[in-house]
Protein chains: 2
Amino acid sequence: MLRNDYPGQVCSIARSLEVIGERWTLLIVRDVMNGRRRFDELQKGLGVARNVLSARLQRLIEEDILERRAYQQGPERYEYFLTEKGLDLWPALVALLHWGDRHSPSPEGPPMLIVHKGCGGAVSDRGICESCGKLLHARDARPVPGPGLKSAIGNADAVAAR
Amino acid sequence: MLRNDYPGQVCSIARSLEVIGERWTLLIVRDVMNGRRRFDELQKGLGVARNVLSARLQRLIEEDILERRAYQQGPERYEYFLTEKGLDLWPALVALLHWGDRHSPSPEGPPMLIVHKGCGGAVSDRGICESCGKLLHARDARPVPGPGLKSAIGNADAVAAR
DNA sequence: CGATGAGAGTTGCGTCAAGCAACCCAGCCC
DNA sequence: GGGCTGGGTTGCTTGACGCAACTCTCATCG
């Protein structure tokens, strides 16, 4: 996306997309949610241009979706973390993940699954545990590599399963 | 967004965003879901350039998210409808709507609310009716103008409440 | 009969963001 | 002192987006 104002739109969807609708932004959020925290790690994993990644991270910090913290002095090195606002994007990401899985399935099955940390059950498109029925939030779940990822092993750019 | 391939990404979120992550695309889907079906109606409502709208609609039809049907002969005139695949984007849109309402609230309150057609209850961020507890789908709900829209009345571009 | 208008686009041009590669800087490692 | 690592910044090129004008078909008005 280019300029991300949608003039004349009085709608929370439009306002949300102003922030997170830019190319790469939601993928950055997804990666940080999955435990990628450092610039180079994000850059290599996504294949995004470094200047674009830099711009997106700054925007996400301004919008209070990410936080930057130094993890060492000496040469200062930083890690990025999601704020509560960022973590709250989890239901939207889960919905998109399930939509992709349902309507453009990869032959091998979904490349990534989300499971409930508590009981290990699969998480539905609404972020509900299919095993125990609880309504989950970002911290209650974790991603696990699915059957579709196996076909990508050997592909160096594939998401490093973590 | 520009080119919407995310090379080397083996992830359903990335694949979803290849299709619906382009600028305007999700807003077009939202508008069609809310009953806007015609080219000019969409163009005026969104303020998007006509060539861009044309390109997006074609892409959405190729991807089987929208369907185009002639509603009159003579000069052929068309309407756009969501397919099942398109309707299945509803949970993601609801999640984004709620995220926007929670984290960048407009002072007047949310401009749009979603209610359960069956019982009139408010719909949660997970697409669940807060009144009767049912898990809803696109066809079970409808948008109603919220308190935040009143401040925009007189603004000709405001979403025509329908 | 000519003019006007609606609906649904297409064409052409200029601009500005994305992509790419190269560069920078500070510290540590050998 | 040459290279490596982490975290960026700079500069150039390309191509998507925004805007305005144009097209085409039929309907309606005076």
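Numbers restart at 1 for each chain; the letters A, B, ... are given by sequence-line order, proteins then strands. Scope of the values below: all heavy atoms of this structure, side chains included, with no hydrogens, waters or symmetry mates.
- For A:Arg77 (side chain) and A:Gln72 (main-chain N/O), no donor-acceptor pair under 3.5 Å exists by modelled atom type.
- Between A:Asp88 and B:Arg102 there is a salt bridge, with a side-chain nitrogen of the basic residue lying less than 4.0 Å from a carboxylate oxygen of the acidic one.
- Separating the CG atom in A:Leu93 from the OG atom in B:Ser16 is a distance of 10.0 Å, to the nearest 0.5 Å.
- Each of A:Leu57 and A:Asn51 lies near DNA chain D, and the nucleotide nearest A:Leu57 is the one positioned closer to the 5' end.
- Within the 4.0 Å cut-off from OP1 or OP2 of D:dC17, not a single side-chain nitrogen or oxygen of B:Trp24 is found.
- Exactly one residue among A:Ile65, A:Ile61, A:Leu60 makes a side chain to side chain contact (heavy atoms under 4.5 Å, CB included) with A:Tyr80. That residue is A:Ile61.
- Atom CD of B:Glu22 is separated from atom P of D:dG15 by 16 Å (rounded to the nearest Å).
- Whole-Å rounding puts the B:Glu79 CD to C:dG9 P distance at 12 Å.
- Atom pair A:Arg37:CZ and D:dG7:P shows a separation of 13 Å (rounding to whole Å applied).
- Rounded to whole Å, the distance from CD1 on A:Ile61 to P on D:dG8 is 8 Å.
- Atoms CG (B:Leu53) and P (C:dG7) sit 15 Å apart, rounded to a whole Å.
- The side-chain hydrogen bond (donor to acceptor under 3.5 Å, both in side chains) search around A:His116 returns none, not counting sequence neighbours.
- Phosphate contact (OP1/OP2 of D:dG6, side-chain N/O of A:Tyr80, threshold under 4.0 Å): absent.
- If you take CZ of B:Arg59 and P of D:dC17, they are 11 Å apart, rounded to a whole angstrom.
- Note on B:Ser54: every side-chain N or O is 4.0 Å or more away from OP1 and OP2 of C:dG9.
- Using a 4.0 Å cut-off, some side-chain N or O of A:Arg68 falls inside it from OP1 or OP2 of D:dG8.
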Which nucleotides of nucleotides 23-30 of chain C have their base under 4.0 Å from a protein heavy atom (B), which only their sugar-phosphate (S), and which neither (-), written as one string 5' to 3'? ---BS---
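- Side chains of B:Asp64 and B:Thr83: no donor on one and acceptor on the other come within 3.5 Å.
- In this model, no donor atom of one side chain and acceptor atom of the other lie less than 3.5 Å apart for B:Tyr71 and B:Arg37.
- For the pair A:Gln58 CD and D:dG7 P, the interatomic distance rounds to 15 Å; values are reported in whole Å.
- Rounded to an integer number of Å, the gap from B:Gln73 CD to D:dA27 C1' is 16 Å.
- The side chain of A:Phe39 has D:dG8 as its nearest neighbour among D:dC17, D:dG8, C:dA8.
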